[in-house]
Asks: 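Have a look at this one.
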Amino acid sequence: MSAPEQISSTMGAFIALIKRDLMLSYRHRNELLNPLLFFVIVVTLFPLGVSPEKQLLQTMAPGVIWVAALLAAMLSLDTLFKSDYEDGTLEQMMLSPHSNAVLVLAKIISHWLVTGVPIILMAPLLGLFMFLPWDGIAALMLTLLLGTPVLSLVGAIGMALTLGLNRGGMLLSLLVLPLYIPVLIFSASAVDASMAGLDINGQLYFLGALLVLSITLAPLAAATSLKISVE
Amino acid sequence: MSAPEQISSTMGAFIALIKRDLMLSYRHRNELLNPLLFFVIVVTLFPLGVSPEKQLLQTMAPGVIWVAALLAAMLSLDTLFKSDYEDGTLEQMMLSPHSNAVLVLAKIISHWLVTGVPIILMAPLLGLFMFLPWDGIAALMLTLLLGTPVLSLVGAIGMALTLGLNRGGMLLSLLVLPLYIPVLIFSASAVDASMAGLDINGQLYFLGALLVLSITLAPLAAATSLKISVE
Amino acid sequence: MSPSEFFHMGGYAVYVWSSYGLALVLLGWVLISPVFTKKSIIKELKMKYRQQERQRQEDSR
Amino acid sequence: MTDAAAGLHLKSISCTRGYRDLFTGLDFRLCPGQALRVEGKNGSGKTSLLRIMAGLAQPLEGEVLWQGRKIHHSESDYFQNLLFLGHRAAIKFELTAIENLCMAKSLHGSKSENGIEEALYQVGLYGFEEIPCAQLSAGQKRRVALAQLFLTRAKCWILDEPYTSLDVNAVAMLEKLFTQHIDNGGMLVITSHQPITLQAGEQHRLVLPKTRLERLE
Amino acid sequence: MTDAAAGLHLKSISCTRGYRDLFTGLDFRLCPGQALRVEGKNGSGKTSLLRIMAGLAQPLEGEVLWQGRKIHHSESDYFQNLLFLGHRAAIKFELTAIENLCMAKSLHGSKSENGIEEALYQVGLYGFEEIPCAQLSAGQKRRVALAQLFLTRAKCWILDEPYTSLDVNAVAMLEKLFTQHIDNGGMLVITSHQPITLQAGEQHRLVLPKTRLERLE
Amino acid sequence: MKLPAIVHKFSSPKNFYTMSGKMIPWFMWSFLITLFAGLYYGLFVAPPDYQQGESYRIMYIHVPAAWMSMFIYMVMAISASVGLIWRIKTADLMASVSAPIGAAFTFLALVTGSLWGKPMWGTYWVWDARLTSELILLFLYLGFIALQAAIEDPRNAARAGAVLLIVGVVNIPIIHYSVEWWSTLHQGATVGKFDKPSMHISMLIPLLVMATSFKLYYAASVLMRARGEILRREQNTRWVKEVVENESK
Ligand code: HEM
Ligand SMILES: Nc1ncnc2c1ncn2[C@@H]1O[C@H](COP(=O)(O)OP(=O)(O)OP(=O)(O)O)[C@@H](O)[C@H]1O
Ligand SMILES: Nc1ncnc2c1ncn2[C@@H]1O[C@H](COP(=O)(O)OP(=O)(O)OP(=O)(O)O)[C@@H](O)[C@H]1O
Ligand SMILES: [Mg+2]
Ligand SMILES: [Mg+2]
């Protein structure tokens, strides 16, 4: 195959993979909603477990919502490569003539579309529920928009590393959470700052830099790890 | 086989099953620590996401620690029947001449031993870390002692129901969390009350009653659901 | 400086000595433990090689 | 027991899967000392039938009797006498062969631990007893599962494609075992797409989906 | 291409798994129009060898060459000409047969969607195209995976126990296909514990673990 | 890029085993000498701090340990990359056996830091950037160790571990510069500024001696660990058989 032909065929596989993953999620419609439901449930546990007081909830809101988003993203990673690994599809992906990193990126993108995006859309409602002011909600959505893709990308590396391991689920959290923590800290502090009327550009730049870094590195790292896991 | 012989043979299977499950956990030594690590990590996320202020942390502590324990217990359910289901062991359990409820109870007990107990033992440290006073820590441990078995028992029912379903993980949380909420509310309020120097017998009685109820009912319910899932 | 003054560390004895104590125990253990590990590996391997030898003799028979 | 009710009795069993009728009105009686070979093309319903016989699935119509009683009423008695091995081998990859068989034994209600190494030796896994099963090849894993056949005292064996992944030696060894089992008054239900040659006993052949039943030899 | 470097070349391959030596110094050259049957007892290393040939595992020593270049240097070219089917079928249970094959096709770099229904018809799944694969029998699932053989233009087929769960018709159909493939200058590496009868081409047999190589016919 | 063959030959496990056997005693003795010198100067000779009194003596454990925690991580990341790119077994080995030592130093830095924090800041722990990122470093070490333990095949374990280590390198500059990037409770750089050292020379010298001592400790300890692990990994080779057979009971 000539080079441009090769590229267009890789693009074809890229799109086919995204389409297939979305179709799979659609077939599991009830599970499509699951990370979202988990997100909602975790957030609602706090007024129950801690206290329904308005002042306290408002203080806790940015942190709690972000922790919930983080946990939801982390737990939904399970659907990222696991089933492909178990039924041998991943082997076939590694054997395909296309760049593995591109295929991995396709999978990460469709994962973000079905987990990250619903969380972003749901966040304002939960913000209101936790008495967050409008400024805070806007900052929350911005940080989620920049942060959730990072969670999917970094999570993909962790997932790829722990894939071959029996019951690697919890090892995954050990690997991935430390890398998630910077995202959490910066995002929550951005929301806090915006509520106090401060400037949040610094935090947003940091999140943006993380996003760019992880978009360039994560597919490669994940593809490498997948190769190891398949072996 | 005569009746007493049958009983002693069932006891044998009961003990063998607990032994095997503990052995499996031991083989995965690093995963033995995983629910515990998850518990620790979730709790440590809060000072990061919300605020490291002593006063605020102390107020949040009972709720946060209990929510973390609840999530850790819930996520570790995955190890309860899943692998047995996938490799066909569950079929063999259902075909064994012993009472299925007894076998299920064995599995639940070993699950609690490797997830619940470490959480209970770890809780005081996290309590100190969140500036909980000694009274609060004592109440926390009591509620965990009564509450975590309930989490394992009730979780087993949910797990058994969602087993056959592909990627049932998230559906599980939907089924199980509403049943976990009473445990959460009563336990957290018990810890709060003890910190305020109040009496917590009421809450402890309630938790005890829940425990007795779920010990008698859950194995039966889970065994029945498993039969359906296997089919 | 008297010994008791020295051990008292100007009132910070608990903090200072527990730091030094922990360092001693932890680093000591990290240094010593590979000796045991190596011994057990050698024992294990000796057994394995002996077994292999036996297997080979059986096969050739 | 050789009375009229002995053995496994299928009474006008019908089975439908996903709106597709597989077979209807299947009647058959398997007595001690008999073997039944279930045959048919891919998707003809062999696995479905075997799972119904083992009580793992409910037939659409009809019932399965053991010693004259419905299997769901005589569960414990039936299950003490049943050994079912399906497509999935029920082998824990993290455990060694010995540990796996120990568990299988106590699940089936026999307690003594001796014989396990002997059984592993019989299925040709000498030297692999103490290795986690994850590190065994496809055929070796199947052999671990099949070692149960050397341990059990169950009368009724229901085996779904036991020859999968096995090499010729293993197949020959199994066939000898089956012949012995039937000679000793056991019952055997088996499917396989490979030829099966048993030396002894009364053999029946059931071809699905026609539910045509014939006696061999 | 029929020059000296054509085909798949194994250069003194050694393989160890879990501290167990499987084979050492295996040398072999598979040219267009040739078939290689890998045989051996359970656990002799057939699957391990096939995975090394497909580039899914690294040999302990030695290297695998495709058209004279290491496969990890000519990845894209080799993988365009390779079709590997292992113990696991790479079939998504939630998707229909057509959707599964669509995906497989675009992973392998061919774009056209026609031919899929034709291929399913060839493997005898007429009427099952639109059903989620979860509802297919063991053999039907394997057939979906094998339908890829009718779609691919890959020159080198590496198949690990393709006959698993297949009935006799399906096996016959596959053997016809293999014969055709070799006649057209394709290459085939295959393992099976069942007998394989190919009508044409140059056939080699490799018996593990002795790495004894012989030419058939 | 290709490495010259001599490098591969020199770094072969067998060569490494014999060489390291000869090197260990040297490292051990120089470690012990520097250790006693450092402890003597640190505990007896150096004067008490005019602000912190005697409590600052924790520094002689805390600071070298904290430095080691970062240093060992970098050593691991670099040698794992070398192992990944050039497939050098001993490089993989160095990465995997260094991990427990690095984790121990990290843990030590955390604990001694918080023991020092109590008298200085009035609390054992605050969520400031330096402390948090050091805690993350501990988690990275633990994750690496768990990953190594979970993967059976040493080659795969090494490759997977390398990916994790390389990704985690991001954390190291964060630890180091956190005191500048965010306003924190923790001390800024006091040692690195040689033009205007903000520490008295009599306090600085024992610190540097202790730091040297810890490095030597690491060298001795990692080689000892590596030797055991080599035997396990190379157990099918003839030379290991000979070594094992010659080992007296
Ligand atoms: C748990 C608490 C603490 C942790 C995790 C911690 C961690 C660290 C780390 C990682 C470094 C090395 C930084 C680098 O080289 O870039 C360091 C250096 C240092 N720490 Fe701490 N530390 C803690 C508490 C303290 C306290 C309470 C003090 C004193 C009041 C202190 C004083 C120092 C000093 C003087 C240095 C050397 C700074 C330099 O010259 O680079 N630390 N610490
Ligand atoms: N993951 C693994 N780790 C360690 N050893 C393994 C692993 N998988 C297989 N082995 C060992 O490698 C040997 C060869 O296995 P392989 O799967 O290649 O055999 P095979 O010839 O395909 O056998 P079968 O006919 O049973 O499929 C076996 O002895 C097995 O014990
Ligand atoms: N879970 C299911 N839901 C709906 N239909 C199913 C399901 N499983 C199997 N079927 C259908 O039932 C029929 C019989 O399947 P079964 O597994 O019993 O066949 P089999 O004779 O064992 O075939 P094989 O030889 O391929 O193993 C098939 O046509 C299949 O499509
Ligand atoms: Mg079947
Ligand atoms: Mg195989």
Side-chain angles (χ1 to χ4, degrees), chain A residues 63 100-101 104 150 153-186 188-189 192-193 202-203 205-206 209-231, chain F residues 73 77 80-81 83-85 87 92 99 103 106 110 126-175 177-178 180-184:
Chain A
N100 292 334
V104 168
V150 177
L153 286 159
V154 171
I157 305 176
M159 198 60 220
L161 281 171
T162 56
L163 200 57
L165 317 174
N166 218 315
R167 303 197 206 166
M170 286 284 190
L171 177 60
L172 170 71
S173 59
L174 182 62
L175 294 182
V176 152
L177 271 177
L179 299 171
Y180 279 5
I181 287 178
V183 181
L184 172 70
I185 293 180
F186 280 86
S189 88
D192 273 338
Q203 286 96 332
Y205 283 138
F206 179 84
L210 265 186
L211 179 57
V212 172
L213 196 73
S214 51
I215 280 187
T216 46
L217 279 185
L220 278 173
T224 314
S225 327
L226 282 179
K227 247 206 169 119
I228 303 163
S229 291
V230 165
E231 187 162 317
Chain F
Y73 191 91
S81 330
L84 189 67
I85 296 168
R87 314 220 155 172
D92 293 341
T106 314
L110 282 165
V126 286
W127 286 105
D128 102 330
R130 159 75 49 95
L131 275 57
T132 309
S133 49
E134 182 75 0
L135 187 64
I136 291 175
L137 184 66
L138 180 65
F139 282 133
L140 283 174
Y141 274 119
L142 294 181
F144 178 82
I145 293 171
L147 192 65
Q148 296 287 303
I151 304 178
E152 298 273 343
D153 180 33
R155 279 189 306 170
N156 285 346
R159 291 200 280 157
V163 172
L164 181 66
L165 286 173
I166 292 167
V167 169
V169 165
V170 181
N171 192 38
I172 296 295
I174 294 183
I175 297 178
Y177 292 112
S178 52
E180 290 170 31
W181 291 346
W182 298 280
S183 58
T184 60

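Just so we're on the same page: letters track the sequence lines, and every chain starts at 1. Atoms considered below: every heavy atom in the structure, side chains included; atoms not considered: hydrogens, waters and symmetry mates. What you see is a predicted model; the values in this text were computed from it and never measured.
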Asks: Need one label for Ile228(A): side chain, backbone, both or neither, based on atoms under 4.5 Å from any heavy atom in chain F.
Replies: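 Both the backbone and the side chain of Ile228(A) come within 4.5 Å of chain F.
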Asks: Rounded to the nearest 0.5 Å, how far does CZ of Phe139(F) lie from CD1 of Ile181(A)?
Replies: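 With rounding to 0.5 Å, CD1 (Ile181(A)) is 6.5 Å from CZ (Phe139(F)).
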Asks: Under 4.5 Å, counting heavy-atom pairs only, tell me which of Leu142(F), Leu137(F), Leu164(F), Leu140(F) racks up the most with chain A.
Replies: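 That would be Leu164(F).
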Asks: Looking at CG of Leu147(F) and OG of Ser225(A), how far apart are the two atoms once the value is rounded to the nearest 0.5 Å?
Replies: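 One finds 9.0 Å between CG of Leu147(F) and OG of Ser225(A).
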Asks: Could you look at Ile185(A) and say if it's the side chain, the backbone, both or neither that has a heavy atom under 4.5 Å from chain F?
Replies: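 When you check distances to chain F, only side chain atoms of Ile185(A) fall under 4.5 Å.
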Asks: Identify the two heavy atoms, one from Ala160(F) and one from Leu161(A), that lie closest to each other, and give their separation to 0.1 Å.
Replies: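 So the minimum-distance heavy-atom pair works out to O-CD2, 3.3 Å.
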Asks: Check the pair Leu217(A) / Val167(F) against side-chain contact (heavy atoms from CB on, under 4.5 Å), numbers first and verdict last.
Replies: CA-CA 8 Å; Leu217(A) 279 185; Val167(F) 169; over 6 Å; no
